[in-house]
Q: 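Questions regarding the structure given below will be posed in turn.
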Amino acid sequence: MGRRRTPREGGPPSVPGSQGARFFLTRGPARLKIGAFRADRPGFSERWTVGKYDPRAFEAKWRERWEKERTNVRDLSGAARPFYNLMMFPYPSAEGLHVGNVFAFVGSDIQGRYRRLLGYDVFEPMGFDAFGIHSENFALKSNRHPAEMIPKNIERFREDQLKKMGLMLDWTHQVDTTSPEYYRWTQWLFVTLYKNGFVHRSKGQVNWCPGCRTVLAKEQVVDDKCERCSSLVEKRDMEQWYFKTTAFASELLEALDDLDWSERTKAAQRRWIGQSVGADVVFRAEGGPEFTIFTTRPDTLFGATYMVFSPEHPLLDEICLPEYRRGLDAYRRQAAQATESERQDELREKTGVFTGAYALNPVNGARVPIWAADYVLMGYGTGVIMAVPAHDLRDHAFARKYDLPIIQVVEAPEGAPSVQSEAYTGEGRLVNSGGFDGLDAKSEGILKITEWLAQKGLAEKKTRYRLRDWCVSRQRYWGPPIPIIHCPRCGTVPVPEEDLPVLLPYIEDFKPDGSGYSPLHRHREFYETRCPVCGGEAHRETDVSDNFLCSAWYFYRYPSTGFSDRPFDRELTKKWLPVDLYVGGNEHAVLHLLYSRWLCRALHQAGYLDFAEPYKKFVAHGIIVKDGAKMSKSRGNIVNPDEFVREYGADAFRVYLMFMGSYLDGGDFRDGGVKAMKSFLDRLYAAVSPGNGPLSDSPPEDPETLYQLHWTIKSVSADILRFSYNTAIARIMELVNHLTKFKIRLKEISAVVTRLVSPFAPHLAEELWEELGGKGSVFDSGWPEHDETKIFRPEVEYVVQVNGKLRDKLKLAKGLTPDEIDPLVLNSPAVMKWIEGKELVKKIYVPDKLINLVVK
RNA sequence: GCGAGAGUGGCGGAACUGGCAGACGCACUGGCCUUAGGAGCCAGCGGCCGCAAGGCCUUAGGGGUUCGAGCCCCCUCUCUCGCACCA
């Protein structure tokens, strides 16, 4: 805050009222007047009555006018400076809009309104993410039908809540993912991806939620539990539809570098994609089949002293010796019962069984035992590893437990514990590694050993990812039916585009039964159909697609809602996308954002989009807590936005939400805060409204006021851009305090304040703008520009330190040289007191800012 | 366990590149106004000492770098959020 200068220190005089002019005085030798204020009427003690505004009197009026005059509707095809301001659309829950949603939307809306004032054509649409298990589960719980419940919820969200928050939303482009005109195109996407080879149907282990009675994507399993209903997720073998998210693993990873996203979100995506660079190496079971392992440390191959198969590995049946068979089967049963996190808990004691078989190490022919252990996962790599207990913590723990040999192949530094007692995972030179001894393990060994084996056809460089293909099948009712027909003769056939949408039938009995089939499966009129290829009897796919597919493309639809013959218009899409600014919750850092990035890439490759990344900038807002604690139903501390809006108006609520804390980190909601913001808006209104007394047409002249004004414009602009809304509001408060305190009532200033506050309190701003005689909407009036020369001050306040401690402050002319400053500083009594009789060792000058005298 | 972030008055929070710590607001205290005030206005408000001027201390704790550290470095503690046997 170093640049800020307020008249706080020094003046005004403490006994006000008698003088006709006020002087801002400073102390120190260069005592001079820097600003004067002429009071029209004498006396600070005179009561400064505050005119109040009643939000109920005009907030509704402005909302109606915005709607009637289509203030928030842009001509999308004619826009000269498009700015696509996107916020994550809500799921229209029965509980209504959550204060967290409002917080998110308002913060995004401020960006939109600010860009609008800067002259951009801002497109700010809203929609409803209304398909999905969350809606359906709620309907089941409350004994209602989602097809009846959801439209009501949407209506309430839109009419009673969203529209009352003063958001700059263009409702002529809203999207409802459950409407056939929307999900028709969701299905079109499925078909298009299918035709372009991005879809496959595979049998494999899936995450089954017994609560929701459906499979889940890996991303939807959190701590072994269903992210929706918290049931413990089970493993099942089922045939499901998958999207090949892995096809773009490396592209999705690399492109992150160039995205203007927070590092936090990028880091989450990087971790999720989980790149590992290493090699596949072929081993042979003695007297049995070959098998491939993946390792990131081929340099440690000479230290591989046993092999471990995942218990689920099919090759184990062939490899395991008959006399070990019983033990293996028992172990497999035991492993199957363990939950995923039990198995993946690295702290859990490792278990395993010997198969009786041996493998031959390709680097030296060593005979190493083959084990099965559940610390090796079937789902990653090849489901088999080489174990190097000397240099891997997990293998080490296992080797110790089962008394397997530990051979050191990387030299540990002097004094490191023996690899017999502790695995060494650091850098070092290779030892016990045949011809490779002496090479630096990681920088040279990995490459050399891989190349050597590659020449013999036994290894291959390989990069693997933790990312899995996206399982999109859901055995549920409330979603877009997957547009596939199973024909006994033609196989799986996509529904022809002209037959879309495959309508989700209204069925009373939509409860999932756990059979592994969607409830649609029970409805013959849906299930039975004809093959579009051969015309023979066939049946429909009865699974619906994952809700995340609906939300992976909604922002392409917004601009093109007017088109019924295409999902998104090529020209409009070119003009408006990628999204300029996307604001949303970080809880979607890996789910929604990754899926939509992938989909964008797939559509790009298939030729439907000209760009590969959907969002230029993503910003994650923070989370609101209440009185320091997380809001939850059980705590009973849920904030109901409606009550506050009703009592204090949307503007006060908006301003409070933005003021209570950092938008990016979240804030702590206190009930009293909204009222405080209402009273701030009252003061602001009183200070700048002509309804509260005449405003002068003359321009501001007092330098202090000019300084305040222009400094505020500059700060607020910068603060909005960096999402620092709380400080932006604080700056406006300071300006209003200044105007109030000195009873400055100038029309020009009122117009500036009105526009500065408009992104935060749009209704009030429109009202003031009208009172001030402004034409049209304040949002078309342009953002005020600051004049740097008004912020420039010929004098600055120097901080004078002695040995780093503040001893005096001097108001001095700018740009003085050390020689000019010295006498002023050294003659200051406050300074003399501290340097008298001491030796002056050093003088530090920070131009126009600070002098530090170092004495001994 | 690993990774990221954070720890500042009674409270929410400011402090942008190392340069006046505590902006702005809440709460609180005193005063004004008032029949009244859960309204409004004025003033005070980190701690300790002091009538005051002023001084000392203070950004979780300890150490370091620097003329100067809330900010940079090291250690410790606490909290939050991710990820958690991915070979």
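Just so it is clear: chains get the letters A, B, ... in the order the sequence lines come, proteins before strands, and each one is counted from 1.
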Q: From C-beta outward on T727(A), which listed nucleotide comes closest to its side chain: rA84(B), rA23(B), rC67(B)?
A: rA23(B)

Q: Please classify rG44(B) as syn or anti, treating any glycosidic angle within 90° of 0 as syn.
A: anti

Q: Measure CG/N737(A) against C1'/rA43(B) and give the value in whole Å, please.
A: 14 Å

Q: Among rG19(B), rA23(B), rA87(B), which nucleotide has an atom closest to any side-chain atom of A730(A)?
A: rA23(B)

Q: If the P atom of rC83(B) is compared with that of rC28(B), how far apart are they to the nearest Å?
A: 42 Å

Q: Does rG19(B) have OP1 or OP2 under 4.0 Å away from a side-chain N or O of N852(A)?
A: no

Q: Across all strands shown, which nucleotide pairs with rA87(B) by Watson-Crick or G-U wobble geometry, both distances under 3.5 Å?
A: none

Q: From CD1 of I729(A) over to C1' of rA14(B), roughly how many Å is that when rounded to an integer?
A: 13 Å

Q: Determine the interplanar angle of the F723(A) and Y663(A) rings, folded into 0 to 90°, and report it as parallel if under 30°, tilted if 30 to 60°, perpendicular if over 60°.
A: parallel

Q: Can you check the distance between rG44(B) and rA27(B), where both ends of the measurement are the C1' atom (answer in whole Å)?
A: 14 Å

Q: Suppose we call two aromatic rings close when their centres sit under 6.0 Å apart. Are F680(A) and F659(A) close by that rule?
A: no

Q: Using the P atom on both, measure rC79(B) against rG31(B) and round to a whole Å.
A: 44 Å

Q: Looking only at the side chain of R807(A) (C-beta and beyond, no hydrogens), which of the listed nucleotides rA87(B), rC20(B), rG55(B) gets closest?
A: rG55(B)

Q: When the P atoms of rC77(B) and rG61(B) are considered, how many whole Å apart are they?
A: 15 Å

Q: Provide, to the nearest angstrom, the distance between the CZ atom belonging to F680(A) and the C1' atom belonging to rC41(B).
A: 18 Å

Q: Nearest to the side chain of I844(A), which nucleotide is it out of rC67(B), rC24(B), rG13(B)?
A: rC67(B)

Q: Sort out for me which residue in T246(A), L253(A), T245(A) forms a side chain to side chain contact (heavy atoms under 4.5 Å, CB included) with I273(A).
A: L253(A)

Q: Where the side chain of D668(A) is concerned, which of rG13(B), rA87(B), rC20(B) is the nearest nucleotide?
A: rG13(B)

Q: By nearest atom, which of the nucleotides rC83(B), rA87(B), rG25(B) is closest to the R271(A) side chain?
A: rC83(B)

Q: Starting at atom OH of Y648(A), determine the distance to atom C1' of rG38(B), rounded to an integer number of angstrom.
A: 10 Å

Q: Is any N or O donor-acceptor pair between the side chain of R731(A) and the base of rA23(B) shorter than 3.5 Å?
A: yes

Q: Salt-bridge test for D257(A) and R270(A): reply yes if a basic N is under 4.0 Å from a carboxylate O, no otherwise.
A: yes

Q: Would you mind checking if K714(A) and E788(A) are paired as a salt bridge, meaning a charged N to carboxylate O distance below 4.0 Å?
A: yes

Q: Under 30°, 30 to 60°, or over 60°: which ring-plane class applies to H313(A) and F309(A), parallel, tilted or perpendicular?
A: perpendicular

Q: Output yes when at least one side-chain N/O atom of K842(A) is less than 4.0 Å from OP1 or OP2 of rC67(B), else no.
A: yes

Q: Does rG3(B) have a Watson-Crick or wobble partner in any strand here, with both distances under 3.5 angstrom, and which is it?
A: rC81(B)

Q: Across the strands shown, which category fits D665(A) at heavy-atom distances under 4.0 angstrom: base, sugar-phosphate, nothing?
A: nothing

Q: Between rG5(B) and rG9(B), how far is it from one C1' atom to the other, in whole Å?
A: 23 Å

Q: Check the angle between the aromatic planes of F669(A) and F644(A) and answer parallel, tilted or perpendicular using the 30° and 60° thresholds.
A: perpendicular

Q: Using atom NZ of K675(A) as one end and atom C1' of rG38(B) as the other, report the distance to the nearest whole Å.
A: 5 Å

Q: Return the value, rounded to whole Å, for the distance between atom CG of L657(A) and atom P of rG13(B).
A: 14 Å

Q: Rounded to whole Å, how long is the line connecting atom OH of Y725(A) with atom P of rA23(B)?
A: 24 Å

Q: Which residue lies toward the 5' end of RNA chain B, F294(A) or S715(A), if each is placed at its nearest nucleotide?
A: S715(A)

Q: If you look at every strand shown and take non-hydrogen atoms under 4.0 Å, does S662(A) touch a base, only sugar-phosphate, or nothing?
A: sugar-phosphate

Q: Would you kindly compare V590(A) and R468(A) by the position of their nearest RNA chain B nucleotide and give the one closer to the 5′ end?
A: V590(A)

Q: Give me the distance, rounded to whole Å, that separates rG30(B) from rG50(B) when you measure between the P atoms they each carry.
A: 22 Å

Q: Taking the side chain of R683(A) as heavy atoms from C-beta outward, which of rC83(B), rC41(B), rC24(B) is closest to it?
A: rC41(B)

Q: What is the nucleic acid contact for V854(A), judged by heavy atoms within less than 4.0 Å: base, sugar-phosphate only, or nothing?
A: sugar-phosphate

Q: Counting side-chain heavy atoms from CB outward, which of rC67(B), rA14(B), rA15(B) is closest to R722(A)?
A: rA15(B)

Q: Determine whether the aromatic ring centres of F398(A) and Y306(A) lie less than 6.0 Å apart.
A: yes

Q: In whole Å, measure the gap between the P atoms of rC24(B) and rA4(B) for me.
A: 36 Å

Q: Determine the Euclidean distance between corresponding P atoms of rC71(B) and rG63(B); express it in Å to zero decimal places.
A: 14 Å

Q: Measuring from the side chain of K741(A) (C-beta onward, heavy atoms only), which nucleotide among rA43(B), rC83(B), rC24(B) has the closest atom?
A: rA43(B)

Q: Side chain of A676(A) only, heavy atoms from C-beta on: which candidate in rA87(B), rG12(B), rC26(B) is closest?
A: rC26(B)

Q: Does R670(A) reach a base, just sugar-phosphate, or nothing at all? Heavy atoms under 4.0 Å.
A: sugar-phosphate

Q: Send over the distance from Y656(A) OH to rC26(B) C1', rounded to a whole Å.
A: 8 Å

